[in-house]
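Have a look at the structure below, then the notes.
Keep in mind that what you see is a predicted model, and the values were worked out from it rather than measured. Every chain is numbered from 1, with letters handed out A, B, ... down the list of sequences.
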Amino acid sequence: MLASYNWLRELTGSDLSADEMAEKLTGLGLAVDAVTAFGTGLENVVIAEVRSKAPHPSKDKLTVVEVFDGTDAHTVVCGASNVPEPGGLVVLARVGASLPGGLAIAERALGGVTSRGMLCAEDEIGVGSDHDGIIVLTREDTTAKLGTPVATALSLSDSVFDIALTPNRPDCLGHLGLARELSAVMKSTGVRTTLTESFSIATVQRASGEFDAGGATFGIAIESSERCPRYAGAVVRGVTIERSPFAVRYRLHVLGVRAINNIVDATNLAVFEWGYPTHAFDLDKVRGQHIVVRVAREGETLTTLDGVRRSLQGDDVVICDGEGPVAIAGVMGGQSSEITGATRNVFIECAYFDPRSVRRTARRLGMHTDASHRFERGVDPGAVPSVLHRVAGLITSNAGGTTVKEALDVVAGKLTETKLTLRSSRIDTVLGTKVPLKEVGEILNALGFKTTPTVEGFNVSVPSWRPDVLREVDLIEEVARVRGYDKIPTEVPHVRASATGTANSIRFVRRLREQASAAGLFEAVNYGFVSMTDLSNARVSTDAVRITNPLSEDRSVMRTSLLPGLASALRRALRHQAGHAALFEVAHVFVRNAGAALPDEHVMLGILLGGARPAWLGQAGEYDFFDAKGALASVLAQWRHGVGRDGLTQGAPIVAHLHPKRCANIVLFGSVVGTIGELHPDVVSAMELVGRPIYAEMHVGELRAAIEKGDIAKARALPKFPSATRDLAVVVQEDIMASQVADTIRNASDGLIEDVQVFDVYRGENIPQHHKSLAFHIVYRDSNATLTDEKVDRAHKHVTERVSAQLSASLRS
Amino acid sequence: MSDDAVKEFEEGLAKVEASFRSQLDACGDEQSLRAVNARIAGPTGELTGLLKLMPKLPGDQRKVLGQKANALKSAVSAAFDTQLLAIAKAVRDAELSGPHLDVTLPGRNERTGSLHPITRVAYEIMDVFTSLGFDIVDGPEIDLHENNFDKLGFPPDHPATDMQDSFFINAEAGQKQRSLLRTHTSTMQVREMQKRKPPLAIVAPGQVYRRDDDVTHSPMFFQLEGLLVDEGVSFAHLKGVLTRFAQRMFGDNVPVRFRPSYFPFVEPGGEVDIGCMICRGYEGTKEALARQAECRVCKASGYLEVLGCGMVHPVVFENVGYDSDKYTGFAFGLGIDRIAMLRYGISDIRWLYENDVRFLSQI
C-alpha cells in the first residue's frame, strides 16, 4: 500500500514530519518499508508563459517559442506539437537546471537557433508518465506568479510511504483508514473528511429495486445474496471525458497509478481515499437498463478490460445487464461497457462482495487485481452509501455533469455487527500490565469502536470496517498497539520445567553432528526435494513422495536417500577444482506410506568421501574405503567401545548403489545400522562423478537404538604384570578377511592374548596370485603372573599352528 | 720380575693418569667421547688392560697399587660423566640459541571438518533457549494441512495463506486429508499441545518449504518456533524472553524493539527488530552513526527484523483442547537462515544450499 504524506496530513491536520509519521505508522503495526520523496531536484524549473511561437526556420517538427518567466524572456526550441498559443502556461527548465533523470539544461544551437532552456513534459520532471507533449497548465491548475518554482506552484513536494500492510487490515488500504489510525495514536481530534451529499440514496432491505435514473427506470437485482449482500448504484449524466486536472493526475502519479481519464481517475482517487473499489459503467451500454448480480452459468464468457476473453464457472459471481455478464464481481469490469471518450452518462457501482468468493474467482482466473486484493481482504460494507456519494462527487467535479437525484442501495444479505465483551482483568493478564480503563475506552473510541461501560470493563461494538476484530483478544491488541508495545514491561518469567525435557533422540543427533565435524567431515544441507532422475541415477528407492505443484521437475519428489544431494555436492567440488570433498549430512528421508495421510520420515546420516585425500606435505592418493571407515569409526568413537577396530563392518549388504564387492554392513552391538562402501561404478558414471567415492548411510534411530542396547563400557583394573609381543605374518587367500585371521588368533590361545592388531598387508613379490600376506602384532599377557619366554613361545607356536591349519595359511618369514 | 711388573704397572697408571683428562676433555661430541672412553676404560682399554695385570703383582704391593688403579678408574669414570654432561649441555645450549623450528609447516592429521552455518547458528539459538528452560522438540517436514493452517486459525480461502505459498504432496489412494510440506515450524505448536498438557516451554527448529526461489528466498529454509504456555503468561514475559534471547545471541547492549504485526495464530502479534549487528549504529558514537548511514544490510535504519511473535490466539488453544481462559502463552518464530546470513556475511541465500566445499570451508 502506497500512501501520500501530504494527503494524510490533510486528513489528520497533523504537523508531523514525514519521517515522524512513518515511525508512528510502523509503531501501529503498519510497517513503513520505505519513504520516497517527490518534487525534489527541480531547482530552476519554473512556471512560464508563452509569448509567441513560430515554426523553426529549417527543421520541420520544431517550434521556436518565446517564453517569459516573470523577469526574463527566453527563446526555446521545442519538439512537442502541443505548444499552447500565446498566454498559455508551460513549465520551463532554465539553463543551469538539472532534471531528475540526470539531464543538464544548457544552451543548445538547433538548426541555427539558440535554445535557452527546455519546455518540460511530465515524465521529464518526474510528475507523471506522459511524454506525448509538454505540460500545459491553466490558471485552474496553479495561481502562482510566473517564475515560481514548479515544485511550489504545483505543490509537488510530497513523501510516499510504502507500507507492508498485513492482510488483516483492509481498512488501512485507504488514506482515511490510515488517518484514523494516526489520529488515535496522536490523540488528535479525528479525521477531517468532506462529504457532499448532492443526491439521496434509497436503501432497500430486499433482493431488488428500481430507481429513476433521470428519465428512465433503472433496476438492480441481487440473485446471490450470500456472495453479494449489498449493491448500490448511482447515475451521473452529462459528463465530458477528458484528462483530469493536474493535481488529480499528480496525486495518482505519486501513488503509482497512471492517470487514465477524469472518470476512471475519480474512482481511483476514491479507492485511495476509502480503500473501496467502485466501478464506472457507460450507462448507455448497459443493455436493458438493469443490473443483475448472480453466479455465472457454465459456459458463459466475458471479455474483461484487459482484452482477455474469460471463461466463467458456476462459482464466479458476475454483474449482468439485460443480456449477460458485463463484469466479474470484485475482480474486473468488462470491455463492452467500458468508459470511452464518447461516454456521456455513467452508472456507478458500489457493492460489497463476499471476500472468499472473490478470492476463489481471482485465483482461478489468475487475476490478482487491485480490486480483488481489496475485496478479498474485506472492504467496509457499512461505507457503501458514503463511497457512492464520494465517487459521484469526484466524478462531477472532475468531469462535469450532474448526479441524478435518486440512487438505489439494495441490501439483500445480512450485514452483522460484531459485539464483544472486554474484561479489564483480561487485558492485564494478557499484557502483563495494568491499563487504566479510561485509557482503554479512549483508544477504542478513537478507532471507531463504540463502548458501553460494564462492571468488568466494556461492551464493545466493532465498526464495520474492522472485519479482523472478532474476539476480546483482538480488542486487547488494539489497546496494546495504540499505546505502543514499548509501554508493556519486560519481564523474564520463571519457566516451569517440563516432565519430559529434551528427547534423547534430539540430543543424540547433535552429538552425532559434532562428532562428524570433529572427524574432519563438512556438513552439507541439501533440499528435501530432488528429481526422479536423481533417485534412479543414485540407484536408491524411486518409490518417492511426489509434490503436486513443484517449482520444477528437478525438485518434484522427496528424497528417499541422502545420496543424491551429497553426490551433487561432490560433483560440484570436483568440477570446481576443489579436488575432494568429505561431507556428511543429517536429515530426513521420506518413505511412502500407503493408506496414511503422511509418509514416514526417518532421520538419516550420510557420509560421502571422494577425490584426492589431503595429505601431509605431499600427495597421498585418492580417498578409499578405509578413509571412510576411519571417519565412520571417529564419528562413532564415543559409542563403539567394545566393538573393537574390526567389528564395525561385517558382511556385505544387498544395496544397489554400492559396489557389490567393496561394501559392508555397519554393525554396532549386533545390529546392522547402515551400509558403507564404494559407490557402484554405474552410479559413479550416472551421477557424473569420477574415481571411487565412498558412501555410508545410517538410520539414526536404529543407530541410537543399537547404542542404547549395548552395554555401557565398564572400567577394568590396569594390568599388574608385563606383556610380551610377538609378530605373526601369514599368507592367506584374498577372500580370507583380516578379522577372520585375528579371530582365529584370539581363539587359539588360552586367555593369554590381550590384543591382536593387523599392521601390514602385502601383495606382490614372493606372494602367490590371489593371496595376500597379513602381519599381526599379538600381545600376550597373563593377568596373574609374569610371563616367561617359554610360556609365550609355547602359546605363539600354538597360535601359529592353528592359523595355518584352520585358514590354510602359510607362514611368511 | 715382579719389580718389573710393578714398574710397568706404575708407569702404565702414570701414563693414563697424565693423559685421560685431556683426552676426554678434547671430545666435542658424545660419539668421540665414548670412543675415547672405550680406549681407556672399555673392555679392551688401556686402564682395563692394566687392571688385568693385577694378579701378577706381588702380594705386598697389590693392595696399594690396586687402590691406586681403582681410584684412577673412578676418576676416569667421573671425568667421562662430567664431559658427557658438558657435551649434552653444549648440544642443548646450541639448540636453544640456534635456528627456530619451522612452525609454519602444516599440522599432521589435521581434522578440518565443520558444522554447516545453519546448524551452528541453530545450536547456538537452542542453547540460549534451553538455558532459559525450554525443551527442544522436532517433528515431520510433511504435515497435514490441518496442522499447518486450519488449527492455527488460518481462515479458509484467506489471503493470509498467500504469505505462505505451499507445496502440496500427492495423496495416497483413498486419502481425503490434504498434506503439504510444512510452510512454517508452527505446526509443532499444534503437535506438541495435542501431545502434552501445560506447562509447556518448547523450541522446534527445522526445515520449512515455500514456493519462492530468488536471491533472498529459498524454497526450503530453516525456522525455529518457540512456545511457552502456562497460567499467567503475558506479553511482558514474551518481551522478557525474547529480549534475553537477543542479548545473549547478539550482545548485551543490542537494542530490541517490539512492534505490532499480524500472524493468524497470535493475538496480539508482533515483530521484533534488533539493533543492526552489521553497522552497530546503536553504539551511538559518531563513527557508529556514520556506519549506519552507509549500511546496506539495515538500509540505514539501524534495525533488523529477526522475529515474529505474539500471544497464542485463543482459537489455537481451543483447537488443541486447551482451556483458553485458564491458559495463556506466547509463540515466536525466527528464520535461522537469516541469522546465519547476517552472522557470516552471506549475501545470497542459495550459497547455504549449494554445499560448495569452498564455501563450507570458509566458515
Side-chain angles (χ1 to χ4, degrees), chain A residues 26-29 166-168 356 359-360 376-377 429-433 473-474 476-477 480-481 485 488-493 495-498 501-502 506 510 513 517-525 527-528 545-549 551 569 572-573 578 581 588 594-599 601 616, chain B residues 106 108 111-116 118-119 123 132-133 135-136 138 140-142 144 157 159-160 167-170 172 174-175 177 179 199 201 207 211 213 219-220 228 230 233-237 239-241 243-244 258-262 267-268 270 311 314 328 352-353 355-358 360-361:
Chain A
T26 299
L28 281 160
T166 53
N168 59 325
R356 292 177 61 181
R359 179 175 160 80
R360 285 198 302 273
E376 277 179 19
R377 282 158 176 73
T429 304
V430 171
L431 300 184
T433 185
V473 71
D474 299 324
I476 296 173
E477 180 178 71
R481 211 166 55 80
Y485 282 2
I488 298 172
T490 298
E491 191 186 322
V492 180
V495 177
R496 286 206 280 161
S498 73
T502 297
I506 291 170
R510 176 169 183 164
R513 282 202 173 106
S517 68
L521 303 171
F522 287 94
E523 187 183 18
V525 173
Y527 288 143
V545 174
R546 264 189 185 281
I547 296 167
T548 314
N549 55 340
L551 282 176
R572 190 181 176 89
H588 287 201
L598 297 179
E601 295 185 29
W616 196 72
Chain B
R108 196 177 276 116
R111 307 282 188 193
T112 51
S114 74
L115 290 176
H116 193 279
I118 288 175
T119 304
Y123 284 147
L132 288 168
D135 297 339
I136 304 164
D138 62 6
E141 292 166 34
I142 298 180
L144 303 174
D157 292 325
F167 289 107
F168 289 91
I169 66 159
N170 288 0
E172 294 290 339
Q175 272 304 316
Q177 296 206 76
S179 300
Q207 288 90 332
R211 297 186 80 251
D213 197 2
M220 182 189 89
L228 173 67
D230 204 343
V233 175
S234 72
F235 203 102
H237 295 139
K239 285 183 70 177
V241 165
T243 302
R244 181 63 63 85
F258 291 78
R259 58 184 168 79
S261 189
Y262 167 73
E267 191 78 22
M311 299 301 291
T328 47
L352 290 173
Y353 301 105
N355 300 306
D356 193 312
V357 291
R358 295 167 302 174
L360 295 175
S361 53

For chain B, find which of A:Ala581, A:Gly501, A:Ala573 contributes the most heavy-atom pairs closer than 4.5 angstrom. A:Gly501

Min side-chain heavy-atom separation B:Val233-A:Pro493 under 4.5 Å: no

Do you know which of A:Ala596, A:Ala569, A:Ala594 has the most heavy-atom pairs under 4.5 Å to chain B? A:Ala596

Interchain contact, B:Ile136 with chain A, by part (heavy-atom threshold 4.5 Å): both

Taking the side chain as every heavy atom from C-beta outward, state whether B:Ser234 and A:Ile488 have any atom pair closer than 4.5 Å. no

Toward chain B, the part of A:Ala518 with a non-hydrogen atom under 4.5 Å: backbone

Min side-chain heavy-atom separation B:Arg211-A:Leu551 under 4.5 Å: yes

Which bit of B:Ser261 is near chain A, if near means a heavy-atom gap under 4.5 Å: side chain, backbone, both or neither? both

Between B:Arg108 and chain A, which part of the residue has a heavy atom less than 4.5 Å away: side chain, backbone, both or neither? both

Side chain, backbone, both or neither: which part of B:Asp230 has a heavy atom under 4.5 Å from chain A? side chain

Identify which part of A:Ala519 has an atom lying under 4.5 Å from any heavy atom of chain B, answering side chain, backbone, both or neither. backbone

If one checks every heavy atom of A:Arg360 against chain B at 4.5 Å, the contacting part turns out to be side chain

Okay, A:Val545 and chain B: the region with an atom under 4.5 Å from a heavy atom over there is side chain

Residue B:Thr112 versus chain A: region with a heavy atom under 4.5 Å: both

Among the options A:Leu28, A:Thr433, A:Leu431, pick out the one with the most heavy-atom pairs lying under 4.5 Å from chain B. A:Leu431

Answer whether the closest heavy-atom distance between the side chains of A:Val525 and B:Leu352 falls below 4.5 Å. no

Counting heavy-atom pairs closer than 4.5 Å to chain B, which one of A:Arg496, A:Arg510, A:Arg513 comes out on top? A:Arg510

Between chain A and each of B:Gly174, B:Ala201, B:Ser361, count heavy-atom pairs under 4.5 Å; write down the option with the most. B:Ser361

